[in-house]
There are 2 protein chains.
Amino acid sequence: MISQLKIDKRELLLEAATKLFVERGLHATPTSAISKEAGVSAGILFHYFKTKDDLIDELYVSIKKEYTSSILNDIDRIKSDLGKLRLIWSNSWNWAIDNNLKFKFLLQVDNTNCSERVKSHPEIIAKFEKFKNFIQEYVDKELVKNIDTYFLMGSMFALITSMVTYLTLFPKKRNDQAFIEQAWEQFYNYLKP
Amino acid sequence: MISQLKIDKRELLLEAATKLFVERGLHATPTSAISKEAGVSAGILFHYFKTKDDLIDELYVSIKKEYTSSILNDIDRIKSDLGKLRLIWSNSWNWAIDNNLKFKFLLQVDNTNCSERVKSHPEIIAKFEKFKNFIQEYVDKELVKNIDTYFLMGSMFALITSMVTYLTLFPKKRNDQAFIEQAWEQFYNYLKP
DNA sequence: TTTTTAATTGACTAATCACTCAACAAAAGT
DNA sequence: ACTTTTGTTGAGTGATTAGTCAATTAAAAA
């Protein structure tokens with residue numbers, strides 16, 4: 001086996017970190033707690049990650065990539081532009097609910113001033129630009145109101161996040177088709193010209 | 001004078017704490033940094049606040065009260081229901097922009113699991129209920145879509161927060177009446193039945 | 001098998017933190 | 001004026017933290 005154990009311990013540490021960071025907050029979580037939760041020795045964390053901040057950075061970037069990728073899942077299976085927009089919408093909150101810890105970790109870092117360096121990671125900027133162009137296309141096609149793209153993206157993300165918070169609090173609603181339909185209607189009413 | 005200095009130092013500490021908590025994060029800010037920023041000795045902080053957590057709690061509650069109060073400013077000067085809703089909307093983001101540090105502090109605490117005890121403060125629960133009834137009234141009057149009030153409140157607050165983030169990033173837009181009008185239109189399109 | 005390389009441990013260190021306390025200063029009360 | 005209460009200081013304390021390192025084990029290469 002080609003260092004299977006190595007990959008395992010790294011993953012164990014990242015998973016443990018996600019859980020504890022969300023439960024206790026970034027700075028309130030000692031590295032010793034992370035290694036304990038992962039069931040490994042305290043020192044090994046610094047073998048895989050140079051510093052605690054490096055661990056946070058790597059965790060953020062990997063989760064963000066996972067999230068942004070999931071948003072475009074199955075997008076080619078849909079023909080209509082509006083259908084695609086709806087799929088992006090539902091992909092977003094579905095991933096966030098199915099990966100609630102990871103999503104909460106993203107929110108926590110995004111709401112923190114202390115890690116600006118993470119957010120300016122090139123791969124993340126690239127994904128952001130890609131998504132921005134996507135929205136711009138909808139504006140050009142007059143499927144979405146002609147207003148500053150940054151404003152649109154910000155409010156879209158805000159609405160999706162509040163949807164996630166609500167569905168996490170009331171999980172039954174996730175299978176309530178009438179509710180989902182109404183929520184989508186509201187979302188698109190917000191966007192349409 | 002009736003202990004004017006006492007009040008002053010308390011206020012100085014709270015202001016310094018707000019600034020540093022937003023800049024560095026709750027747990028990354030030592031109490032020593034707070035007292036230094038406030039220009040007082042390290043020990044005095046624990047004369048006014050039993051513990052650091054107590055300081056955070058008090059700060060949160062006082063800011064939250066200030067914010068929720070500002071939301072209903074001048075509400076009686078407006079006659080129409082829709083006008084009142086619009087005033088609530090604009091009051092919300094105006095306060096948040098004018099008191100950006102305080103607003104960011106609220107967001108930071110709200111996005112943290114470590115201080116559940118703060119959010120369940122009776123005065124805050126009361127304000128929340130009051131606002132909830134307010135929304136319910138609009139639903140009953142059929143000015144707002146008939147969908148779960150918690151869902152409505154969550155998304156309203158999300159939209160307002162994204163408005164604040166945007167206007168903080170692009171301050172000029174705040175005086176752009178056409179933009180504000182469009183933003184309001186979108187907001188109400190989201191809510192209307 | 002032997003050698004080399006990589007993974008893993010946990011005791012250790014230097015720094016930092018929340019909080020205390022004895023001493024002093026200023027106000028208020030008498 | 002004197003006493004009591006309240007405000008204020010900053011050095012000190014014990015606990016906790018991120019990160020190190022010499023030693024041990026396991027895997028890979030020779």
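Nothing here was measured: the structure is a model prediction, and the numbers come from that model. In the text below, chain A, chain B and the rest are named by the order of the sequence lines, each starting its count at 1.
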Is there a donor-acceptor pair under 3.5 Å between the side chain of B:Q182 and the backbone N or O of A:I147? no
If I take atom CD1 in residue A:I34 and atom P in nucleotide D:dT16, what distance separates them, rounded to the nearest angstrom? 17 Å
Is the number of heavy atoms from other residues, nucleotides or ligands within 6.0 Å of CD (A:E129) greater than 12? yes
Given axes from five pairs at either end, by how many degrees does the helix from C:dT1-D:dA30 to C:dT30-D:dA1 bend, rounded to 10°? 10°
Between protein and nucleotides 13-20 of chain C, map the contacts as a letter string: B base, S sugar-phosphate only, - none, heavy atoms under 4.0 Å, written 5' to 3'. ----SSBB
Rounded to whole Å, please give me the gap between CZ in A:F49 and P in D:dT20. 15 Å
Would the distance check show the side chain of A:S162 and the main-chain N or O of B:A158 forming a donor-acceptor pair, the cut-off being under 3.5 Å? no
Within the pair A:Y48 and C:dA7, is there a side-chain N or O less than 4.0 Å away from OP1 or OP2? no
Send over the distance from B:L45 CG to D:dG7 C1', rounded to a whole Å. 14 Å
Hey, is the main chain of A:F179 close enough, under 3.5 Å, to the side chain of A:D176 for a donor-acceptor pair? yes
A:L13 CG to C:dT9 C1', straight-line distance once rounded to whole Å: 14 Å
Check the distance between C:dT9's P and A:L12's CG and give it to me in whole angstrom. 11 Å
Whole-Å gap separating C1' (D:dT24) and NE2 (A:H47): 15 Å
Which pairs pass salt bridge (Lys or Arg N to Asp or Glu O under 4.0 Å) with one or both residues in residues 184-193 of chain B, sequence neighbours excluded? A:K145-B:E185
Rounded to whole Å, the CD1-C1' distance (A:I56 to D:dA18) equals 12 Å
Report the distance from atom NZ of A:K36 to atom P of C:dA11, rounded to the nearest whole Å. 13 Å
Keeping the roles fixed (side chain from B:E58, backbone from B:F49), state whether a donor-acceptor pair exists under 3.5 Å. no
In terms of side-chain heavy atoms, does A:E137 have a donor or acceptor partner in A:N133 at a distance below 3.5 Å? no
If only side-chain N and O atoms of A:K9 are considered, is one of them under 4.0 Å from the OP1 or OP2 phosphate oxygen of C:dA7? no
Name the one of A:L13, A:L14, A:L12 that satisfies side chain to side chain contact (heavy atoms under 4.5 Å, CB included) with A:Y48? A:L13
With a sphere of 6.0 Å drawn around NZ of A:K127, does it hold more than 12 non-hydrogen atoms of other residues, nucleotides or ligands? yes
